[in-house]
S.K.: 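Can you read through this structure? Questions will come right after.
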Amino acid sequence: MTRDATARTARDVLEEQGVLSSDTVGARVDGKVYDLHTPIPKGASDVTPIRAQDEDALPIIRHSSAHVMADAVQRLFPGTKVAFGPATADGFYYDYDRPDGTFSEDDLRAIEEKMAEIIEADRPFRREVVSRKQARELLKSLDEGFKLEHLERLEDPISLYRHGEWVDLCEGPHVPSTGFLKAFKLTSVAGAYWRGDERNPMLQRIYGTAFASPKALRAHLKQLEEAKQRDHRKLGKELKLFAFHPHAPASPFFLPRGATIYKLLEDYVRSLYARYGYDEVITPQIFDNELFHTSGHLPSYGENMYMAVTSENLENLQERIEKELPQTAEQWADAFEESLRFGVKPMNCPSHCLIYAMAKRSYRELPMRMADFGRLHRFERSGVVQGLTRVRTFAQDDAHIFCTLDQVQDEIKSFLDLVHDAYRDFGFTDVRIVIATRPEHRLGADHIWDQAEKALVEAVRSKGLPYDLAAGEGAFYGPKIEFHLKDAIGRPWQLGTIQADFNLPERFDLTYVGEDNTTHRPVLLHRAILGSIERFFAVLTEHLGGAFPVWLAPEQIALLTVSEKFNDYAQSVQKQLQDKGFRVTADLSSDKLGAKIRQARLMRIPYLGVIGQQEVEGQGLALRSRDENKDLGFISLPEVIDRLARENQPPSATDSTIGDSHR
RNA sequence: GCUGGCGUAGCUCAAUCGGUAGAGCACCGGUUUUGUAAACCGGCGGUUAUGAGUUCAAGUCUCAUCGCCAGCUCCA
């Protein structure tokens with residue numbers, strides 16, 4: 001032990017201040033988190049307690065839980081080695097190398113029981129600062145190879161943490177003793193590569209979560225349950241929005257109801273395009289690979305591309321091989337390249353560059369905003385696909401803006417307006433802007449990067465918008481602005497983006513003639529608002545819990561007859577509403593009204609129009625609102641039409657505070 | 001791709017130790033004519049994902065393939 005007997009601990013200070021309570025798990029000392037028994041710097045001035053309920057306490061509780069879990073695992077499964085075990089955003093994990101197999105659900109329950117014993121024993125956590133040599137010897141004696149490897153990457157001081165007999169190479173901090181862990185649960189087990197590198201051996205990772213109290217843990221588990229209920233894959237099936245088939249893995253089928261929403265999303269974006277000066281184009285699906293060589297996709301994105309082959313291509317290849325069998329890998333690659341000429345586009349930018357280059361361009365044409373909902377295909381590895389959020393075929397609300405360097409800032413400002421209008425229309429209000437700057441490996445001269453980054457930052461600043469910098473996270477061809485938003489249950493998503501690109505204009509040798517009658521290179525801005533329509537569909541479905549507003553609902557109103565006697569009237573109302581452009585269904589079955597309402601509510605239809613004797617006589621509907629979840633009483637047909645018409649448009653169409661910034 | 005789990009009727013799920021594949025909903029036919037979250041009766045529906053194997057006997061055990069789920073790696 002190197003502990004300085006004269007040094008004071010956070011516990012000493014808090015005790016003197018009279019603020020040490022029994023639920024104090026650590027302390028914040030001049031901004032840095034310490035555990036109670038660790039000596040703090042001599043000049044420390046600001047020492048405040050961290051109590052179990054505080055937000056700051058969670059990482060401490062969780063990290064300590066990870067230690068207790070590792071202790072339990074090594075007691076139950078001798079010979080198991082430990083790797084990393086940190087706290088995460090909503091829990092903790094520890095990675096293990098278990099020589100005799102993997103962990104099962106039953107094992108998790110057994111580990112939980114053993115953890116409860118360790119917690120019951122209330123062993124204090126102790127920190128020790130040791131020399132590198134001491135640490136090395138200890139880890140060697142424990143035969144902890146992963147920890148030994150990690151030790152060599154650590155900088156001094158090296159610290160160990162013990163509770164009971166269990167010891168771990170660890171920076172801390174930890175709760176005072178195991179008894180402080182009041183609520184934990186092991187949630188799942190999964191494989192994870194050592195140091196997160198797929199070339200390394202795979203370890204067994206056990207995930208868990210921990211909270212200050214059983215109540216908080218229950219709330220968290222309930223939240224997970226809620227997320228499950230909103231899962232777009234579940235809702236997509238229940239609401240008949242989309243489906244998958246094994247014959248087209250990771251490629252969605254949009255069913256009529258889902259396709260209606262999909263088209264409405266596109267139409268909504270088109271309405272923005274009209275307002276913001278974009279022109280839509282339609283481009284081919286399959287190209288001569290020459291294009292993807294020019295764009296650089298084949299060399300740098302080829303692994304994700306589908307190739308398109310004709311039987312003639314294959315015959316040519318066969319003939320060539322029969323004539324002379326290639327001897328080297330190079331000759332094989334050559335034979336393939338020459339015979340298999342086509343690729344399916346994974347992105348729209350190359351074809352937009354082709355359109356740009358189809359004519360001699362003047363500065364008068366810029367900025368040229370070219371939009372495309374073209375279908376893209378990207379081969380994704382089997383393990384990464386997920387519902388609609390990661391698919392192999394999708395479309396983006398994609399556009400490329402060709403402009404001069406001077407125009408970049410105005411284009412970005414205008415796009416910021418566009419994006420915020422759009423997100424507000426869908427009910428996303430929590431939007432965060434991240435500016436990702438030049439990465440280490442990049443194309444283009446530094447003065448161009450300076451200019452581009454400055455344009456992005458100034459555009460965001462001039463709008464008075466807060467942003468975060470992600471240094472080094474930009475694309476290799478240019479910096480980007482990312483839009484991160486949170487959905488109704490707080491999960492973050494990155495949807496829209498705008499990126500400056502100096503690379504493609506170069507590769508395609510794009511030019512325009514300037515005012516000075518000389519040739520210039522345009523800048524290319526890649527941008528998407530919703531991102532992939534498929535992914536946005538998923539996020540929106542989960543955000544709304546499947547309850548699409550009138551302007552997006554596949555069925556806006558369902559007419560429910562009280563008895564079949566009123567079917568004629570229902571059909572006439574349906575026709576009248578359809579003639580006005582509304583999406584209306586009529587339930588003319590012999591079910592009782594209660595059953596029809598249940599059915600329609602399960603499908604999250606915004607309005608139900610009940611039709612009985614009174615409604616026929618009064619020429620109206622007994623309207624029931626999904627969102628108010630109540631019977632609104634009799635409403636005449638013209639009033640119903642007014643009401644639907646009012647709601648049949650995005651909020652920005654009626655809310656004067658949206659969209660003004662640009663007009 | 002890797003690790004683990006899963007795959008039974010259109011959907012949600014049963015099927016004890018390896019011993020005759022079943023229910024509800026949906027669908028079809030009939031009865032009922034209904035006033036705000038499930039009327040009643042009857043019927044149809046299966047090569048248990050696919051293909052091999054073990055066994056007297058396989059939904060159940062083994063192997064392979066495909067797909068799905070969680071995580072890792074990679075990404076809109």
Side-chain angles (χ1 to χ4, degrees), chain A residues 88 93 95-96 98 101-105 107-108 187-207 228 231 233-234 237-238 240 243-250 301 303-304 346-348 376 378-398 482-483 493-497 499 526 528-539 560-567 588-603 608-615 622-626 629-634:
Chain A
T88 62
Y93 65 80
D95 288 344
Y96 305 98
R98 182 180 167 194
T102 57
F103 297 102
S104 68
E105 285 292 315
D107 292 337
L108 293 194
T187 49
S188 62
V189 55
Y193 301 105
W194 166 237
R195 306 197 78 88
D197 189 326
E198 62 184 326
R199 291 163 302 190
N200 285 340
M202 185 163 263
L203 308 171
Q204 297 295 311
R205 174 172 297 178
I206 299 180
Y207 281 94
K228 229 163 140 186
D231 190 316
R233 292 167 297 188
K234 177 179 154 76
K237 200 184 274 188
E238 286 173 1
K240 300 188 191 343
F244 290 89
H245 192 280
H247 284 174
Y301 202 73
E303 281 184 11
N304 285 77
M347 297 183 194
N348 289 311
L376 307 177
R378 298 183 187 174
F379 175 73
E380 301 285 359
R381 298 202 289 176
S382 63
V384 308
V385 298
Q386 201 230 20
L388 288 181
T389 60
R390 190 83 181 267
V391 291
R392 290 186 177 144
T393 172
F394 62 101
Q396 296 173 314
D397 59 341
D398 197 12
E482 297 171 355
F483 300 89
W493 296 94
Q494 194 225 301
L495 298 173
T497 177
Q499 314 174 0
H526 305 249
I529 308 158
L530 311 183
S532 129
I533 312 287
E534 277 72 5
R535 178 174 288 181
F536 187 78
F537 193 114
V539 174
L560 314 179
T561 50
V562 167
S563 115
E564 287 173 4
K565 281 183 291 201
F566 312 113
N567 283 0
L588 306 180
S589 71
S590 66
D591 283 338
K592 292 176 71 170
L593 180 61
K596 292 185 183 185
I597 287 175
R598 180 183 142 80
Q599 185 54 33
R601 284 194 53 85
L602 286 174
M603 295 307 276
L608 309 184
V610 173
I611 294 172
Q613 189 61 42
Q614 294 161 39
E615 287 69 34
L623 206 62
R624 183 181 166 125
S625 151
R626 173 195 67 196
N629 193 20
K630 68 172 189 196
D631 182 2
L632 303 175
F634 177 87

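Proteins get letters first, then strands, A, B, ... in listed order; numbering begins at 1 in each. Scope of the values below: all heavy atoms of this structure, side chains included, with no hydrogens, waters or symmetry mates.
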S.K.: Checking base pairs now: Watson-Crick or wobble, both atom distances under 3.5 Å. What partners B:A37?
M.R.: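 Pairing partner: none.
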S.K.: Can you tell me the distance, in whole Å, between the CD1 atom of A:Ile611 and the P atom of B:U36?
M.R.: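 So the two atoms are 16 Å apart, to the nearest Å.
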S.K.: The side chain of A:Ile597 is closest to which nucleotide in this list: B:A37, B:U34, B:A76?
M.R.: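 For A:Ile597, the side-chain atoms sit closest to B:A37.
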S.K.: With the side chain of A:Arg378 defined as its heavy atoms from C-beta on, choose the nearest nucleotide among B:C11, B:A76, B:G35.
M.R.: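 For A:Arg378, the side-chain atoms sit closest to B:A76.
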S.K.: Which part of the nucleic acid, if any, lies within reach of A:Val562 when heavy atoms closer than 4.0 Å are counted: base, sugar-phosphate only, or nothing?
M.R.: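 Base contact - A:Val562 has a heavy atom under 4.0 Å of at least one base atom.
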S.K.: If you measure from the C1' atom in B:G19 to the same atom in B:C11, how many Å do you get, rounded?
M.R.: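 Here B:G19 and B:C11 have their C1' atoms 30 Å from each other.
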S.K.: Applying a 4.0 Å non-hydrogen cut-off, can you work out what A:Gly383 is touching in the nucleic acid: base, sugar-phosphate, or nothing?
M.R.: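 It contacts base atoms.
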S.K.: Looking at every heavy atom in both A:Gln494 and A:Arg535, which two are closest together, and how far apart are they?
M.R.: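 For A:Gln494 and A:Arg535, the tightest heavy-atom pair comes out as O-NH1, 4.3 Å.
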S.K.: Taking only the side-chain nitrogens and oxygens of A:Lys592, find out if one of them lies under 4.0 Å from OP1 or OP2 of B:G35.
M.R.: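 The answer is no; no side-chain N or O of A:Lys592 sits under 4.0 Å from OP1 or OP2.
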S.K.: Could you tell me whether A:Glu564 and A:Lys592 make a salt bridge, using a distance below 4.0 angstrom between a side-chain N and a carboxylate O?
M.R.: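 Salt bridge: no.
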S.K.: Once you round it to whole Å, what is the distance between C1' of B:A39 and NZ of A:Lys596?
M.R.: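 A:Lys596 atom NZ is separated from B:A39 atom C1' by 13 Å.
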S.K.: Tell me the partner of B:A14, counting only Watson-Crick (N1-N3 plus N6-O4 or O6-N4) or G-U wobble (N1-O2 and O6-N3) with both under 3.5 Å; none if nothing fits.
M.R.: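 Checking every strand shown, B:A14 finds no partner, since no pair has both distances under 3.5 Å.
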S.K.: C1' atom, B:A64 versus B:C56: distance in rounded Å?
M.R.: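 Those two atoms are separated by 26 Å.
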S.K.: Which one, B:C72, B:G35, B:A76, comes nearest to the side chain of A:Met202?
M.R.: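 Selected nucleotide (nearest to the side chain): B:C72.
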S.K.: Considering only the P atoms, how many Å lie between B:U62 and B:G5, rounded to the nearest integer?
M.R.: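 Each nucleotide's P atom is 11 Å from the other's.
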S.K.: Hey, is A:Phe394 stacking on B:A76? Ring centres under 5.5 Å, planes under 30°.
M.R.: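 By the stated criterion, A:Phe394 and B:A76 stack.
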S.K.: Give A:Ala250 one of three labels, base, sugar-phosphate or nothing, depending on what nucleic acid heavy atoms sit under 4.0 Å from its own.
M.R.: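 If one applies the 4.0 Å heavy-atom cut-off, A:Ala250 turns out to touch the sugar-phosphate alone, with no base involved.
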S.K.: Does B:C63 have a Watson-Crick or wobble partner in any strand here, with both distances under 3.5 angstrom, and which is it?
M.R.: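 Across any shown strand, B:C63 pairs with B:G51.
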S.K.: If you pin A:Glu534 and A:Tyr193 to their nearest nucleotides in RNA chain B, which one's is more 5'?
M.R.: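 Result: A:Tyr193.
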S.K.: What interatomic distance, in whole Å, is found between P of B:G45 and the corresponding atom of B:A21?
M.R.: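 So the two P atoms sit 16 Å from each other.
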S.K.: With the side chain counted from C-beta on, respond yes when A:Val391 and A:Val385 share a heavy-atom pair under 4.5 Å apart, and no when they do not.
M.R.: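 Answer no - side chains too far apart.
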S.K.: Could you tell me the Watson-Crick or G-U partner of B:C27, where both distances fall under 3.5 Å? Say none if there is no partner.
M.R.: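 Base partner found: B:G43.
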S.K.: With P as the reference atom in both, quote the distance from B:G18 to B:C27 in angstrom, rounded to an integer.
M.R.: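 Straight-line distance between the two P atoms is 39 Å.
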S.K.: If you check the A:Glu380 side chain, which of B:G71, B:A76, B:G1 turns out closest?
M.R.: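 Of B:G71, B:A76, B:G1, B:A76 is nearest to the side chain of A:Glu380.
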S.K.: From the options B:U12, B:G67, B:U31, select the nucleotide whose nearest atom is closest to the side chain of A:Pro249.
M.R.: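 Nearest to the side-chain atoms of A:Pro249, counting from C-beta on, is B:G67.
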S.K.: Students often get this wrong, so: under 4.0 angstrom with heavy atoms, is A:Gly612 touching a base, only sugar-phosphate, or nothing?
M.R.: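 Base contact.
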S.K.: Of the options B:C72, B:G1, B:A76, whose atoms approach the side-chain atoms of A:Arg381 most closely?
M.R.: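 The answer is B:G1, which lies nearest to the side chain.
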S.K.: Rounded to whole Å, how long is the line connecting atom CD of A:Gln386 with atom P of B:G67?
M.R.: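 That distance rounds to 17 Å.
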S.K.: Select from A:Val391 and A:Ser382 the residue whose nearest nucleotide in RNA chain B is closer to the 5' end of that strand.
M.R.: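 Result of the comparison: A:Ser382.
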S.K.: Taking OP1 and OP2 of B:C69, is either one under 4.0 Å from a side-chain nitrogen or oxygen of A:Arg233?
M.R.: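 Yes, A:Arg233 has a side-chain N/O under 4.0 Å of OP1/OP2 on B:C69.
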S.K.: Kindly indicate whether the side chain of A:Ile206, heavy atoms from C-beta on, has any atom under 4.5 Å from the side chain of A:Tyr96.
M.R.: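 Yes; the side chains approach each other to less than 4.5 Å.
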S.K.: Under a 4.0 Å threshold between the charged nitrogen and the carboxylate oxygen, would A:Asp107 count as salt-bridged to A:Arg98?
M.R.: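 A salt bridge links A:Arg98 with A:Asp107.
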S.K.: For B:C68, which nucleotide in any strand shown is its Watson-Crick or wobble partner with both distances under 3.5 Å?
M.R.: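 Partner of B:C68: B:G5.
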S.K.: Under 4.0 angstrom, heavy atoms only, what part of the nucleic acid is A:Ala600 near: base, sugar-phosphate, or nothing?
M.R.: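 Nothing, no nucleic acid heavy atom in range.
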S.K.: Check for a donor-acceptor pair, side chain of A:Arg392 on one end and backbone N or O of A:Glu380 on the other, with a separation under 3.5 Å.
M.R.: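 Such a contact is found between A:Arg392 side chain and A:Glu380 backbone.
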S.K.: So, is B:C11 syn or anti if syn means the angle is within 90° of 0?
M.R.: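 Here the answer is anti: the torsion falls beyond 90° from 0.
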S.K.: Between B:A76, B:G71, B:G35, which one does the side chain of A:Arg390 approach most closely?
M.R.: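 Among B:A76, B:G71, B:G35, the one nearest the side chain of A:Arg390 is B:A76.
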S.K.: From C-beta outward on A:Glu615, which listed nucleotide comes closest to its side chain: B:G35, B:A37, B:A76?
M.R.: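 Looking only at side-chain atoms, A:Glu615 lies closest to B:G35.
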S.K.: Would you kindly give the CZ-to-C1' distance between A:Phe379 and B:A76, to the nearest whole Å?
M.R.: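 After rounding, the reported distance stands at 17 Å.
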S.K.: Expressed in angstrom and rounded to an integer, what is the separation of A:Gln499 atom CD from B:A76 atom P?
M.R.: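 Atom-to-atom, A:Gln499 to B:A76, this comes out as 8 Å.
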S.K.: Between B:A49 and B:U34, how many Å separate the two C1' atoms, rounded to a whole number?
M.R.: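 It comes out at 44 Å once rounded to the nearest Å.
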S.K.: To the nearest angstrom, how far is A:Glu198 atom CD from B:C72 atom P?
M.R.: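 One finds 13 Å between P of B:C72 and CD of A:Glu198, rounded.
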S.K.: Which one, B:G35, B:U3, B:G1, comes nearest to the side chain of A:Val384?
M.R.: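 Output: B:G1.
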S.K.: Quick test of your reading of the model: are A:Asp95 and A:Arg205 salt-bridged, counting only N-O distances below 4.0 Å?
M.R.: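 Answer for the salt bridge query: yes.
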S.K.: Less than 4.5 Å apart, any side-chain heavy atom of A:Pro201 and any of A:Tyr193?
M.R.: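 Answer no - side chains too far apart.
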S.K.: Whole angstrom is fine here: how far is it from CZ in A:Arg598 over to C1' in B:U34?
M.R.: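 In whole Å, B:U34 C1' lies 18 Å from A:Arg598 CZ.
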S.K.: Which value, in whole Å, describes the distance between the P atoms of nucleotides B:C41 and B:G67?
M.R.: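 About 44 Å, rounded to a whole number of Å.
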S.K.: Is it true that A:Asp197 and A:Arg199 make a salt bridge, defined as a side-chain N closer than 4.0 Å to a carboxylate O?
M.R.: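 Result for this pair is yes, salt bridge flagged.
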S.K.: The side chain of A:Ser590 is closest to which nucleotide in this list: B:A70, B:A37, B:U32?
M.R.: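 Nearest nucleotide to the side chain: B:U32.
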S.K.: Rounding to the closest angstrom, what is the interatomic distance between B:G51 and B:G46 at atom P?
M.R.: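 So the two P atoms sit 16 Å from each other.
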S.K.: Whole Å only: how far is the CD atom of A:Glu238 from the P atom of B:C25?
M.R.: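 About 18 Å, once rounded to whole Å.
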